[in-house]
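Note sheet for the following structure.
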Amino acid sequence: MHHHRARALKWSLWTKIGITCVLWSGPLLLLPRSVYDYLGFPALEPLVYFDLLGMSFAALVLAYTFGLRILLRGVYPDQTVWVGILSNGGRGSFWRYMVWLGLGQSGDLMPKRSCGSR
């Protein structure tokens, strides 16, 4: 693997690990519900959904960490790259789908309909 590609991938993995821990997994697993209420997040009941999402993000951190360890040994971490592509690509596709449906137009990303009307 070329040195500049390896350096860019190493920077990307470190960034993904840090951002996912600090902005996603950590807060979802550690912050009390009152913080979400204060910030204006919509109610998500039961609260176990926050924990499940936080653990999913923690699994991504683990995959990125394994990939970084592999990369530091001089091997291209192809499976970790595919995990990142699926994670980011899936999120981006879902986001575009929500915009196409007209959701998230005024900053509100939650649909104004019941779960049964999906």
Side-chain angles (χ1 to χ4, degrees):
M1 181 153 76
H2 296 290
H3 176 70
H4 67 280
R5 285 183 62 200
R7 190 173 62 181
L9 183 55
K10 184 169 59 171
W11 180 87
S12 177
L13 288 170
W14 274 117
T15 301
K16 286 179 156 301
I17 290 167
I19 288 174
T20 304
C21 284
V22 172
L23 296 181
W24 299 113
S25 185
L28 285 168
L29 291 171
L30 302 174
L31 292 179
R33 175 58 196 240
S34 59
V35 173
Y36 296 111
D37 292 337
Y38 176 77
L39 294 173
F41 280 82
L44 184 60
E45 299 294 338
L47 293 178
V48 70
Y49 291 123
F50 280 100
D51 296 330
L52 291 171
L53 185 57
M55 287 307 297
S56 295
F57 283 123
L60 277 176
V61 169
L62 184 63
Y64 295 150
T65 302
F66 285 152
L68 184 60
R69 289 180 62 199
I70 291 167
L71 182 64
L72 292 175
R73 284 189 235 131
V75 178
Y76 183 74
D78 54 342
Q79 288 127 347
T80 302
V81 171
W82 282 109
V83 166
I85 289 170
L86 178 62
S87 173
N88 293 327
R91 184 181 60 247
S93 296
F94 184 70
W95 184 269
R96 282 188 286 284
Y97 177 70
M98 288 177 55
V99 169
W100 181 72
L101 289 177
L103 305 174
Q105 292 290 319
S106 62
D108 182 3
L109 300 179
M110 300 300 288
K112 298 286 190 226
R113 55 187 179 189
S114 69
C115 292
S117 64
R118 258 187 168 200

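Owing to the predicted nature of the structure, the values given are computational and were not obtained by experimental measurement. FYI, the numbering just counts along the sequence from 1. Values below: all heavy atoms of this structure, side chains included; hydrogens, waters and symmetry mates excluded.
Although no hydrogens or angles enter the test, the distance criterion places a donor-acceptor pair under 3.5 Å between the side chain of S93 and the main chain of G89. At distances below 3.5 Å, not a single donor-acceptor pair connects side-chain atoms of S87 with backbone N or O atoms of V83.
Separation of atoms CG (L86) and CG (N88) is listed at 9.0 Å; rounding is to 0.5 Å. L71 contributes atom CG, which lies 5.0 Å from atom CG of L9 (distance to the nearest 0.5 angstrom). The CZ atom of R7 sits 12.0 Å away from atom CH2 of W11, with the distance rounded to the nearest 0.5 Å. Separation of atoms CG (L52) and CG (L29) is listed at 9.5 Å; rounding is to 0.5 Å. Note that the CG atom of L62 and the OG1 atom of T20 stand 12.0 Å from one another [nearest 0.5 Å]. Between K10 atom NZ and R5 atom CZ the span is 15.5 Å, to the nearest 0.5 Å.
By the criterion of side-chain heavy atoms lying less than 4.5 angstrom apart, applied directly or through intervening Ile, Leu, Val, Met, Phe, Trp or Tyr residues, M55 is not grouped with V61; the two fall into different hydrophobic clusters. Under a hydrophobic clustering in which Ile, Leu, Val, Met, Phe, Trp and Tyr are joined whenever their side-chain heavy atoms come within less than 4.5 Å, directly or via other members, I70 and W82 fall into different clusters. The hydrophobic cluster containing L30 does not contain F50, counting ILVMFWY residues as joined when their side-chain heavy atoms lie under 4.5 angstrom apart, directly or transitively.
Across C21 and P27, no two heavy atoms sit closer than the pair O-CD, 3.6 Å. The two residues Y76 and V81 have their closest heavy-atom pair at OH-CG2, 3.4 Å. Across every non-hydrogen atom of G67 and P77, the tightest pair is O-CB, 3.5 Å.
The environment of CZ in F66 is sparse: at most 12 heavy-atom neighbours from other residues, nucleotides or ligands sit within 6.0 Å. Shown here is R33, whose CZ atom has more than 12 heavy atoms of other residues, nucleotides or ligands within 6.0 Å.
The only member of I17, T15, V22 that meets side-chain contact (heavy atoms from CB on, under 4.5 Å) when paired with I19 is T15.
Listed by chain and number, the residues in a ring pair (Phe, Tyr, Trp, His ring centres under 6.0 Å) with F57 are W24 (sequence neighbours excluded).
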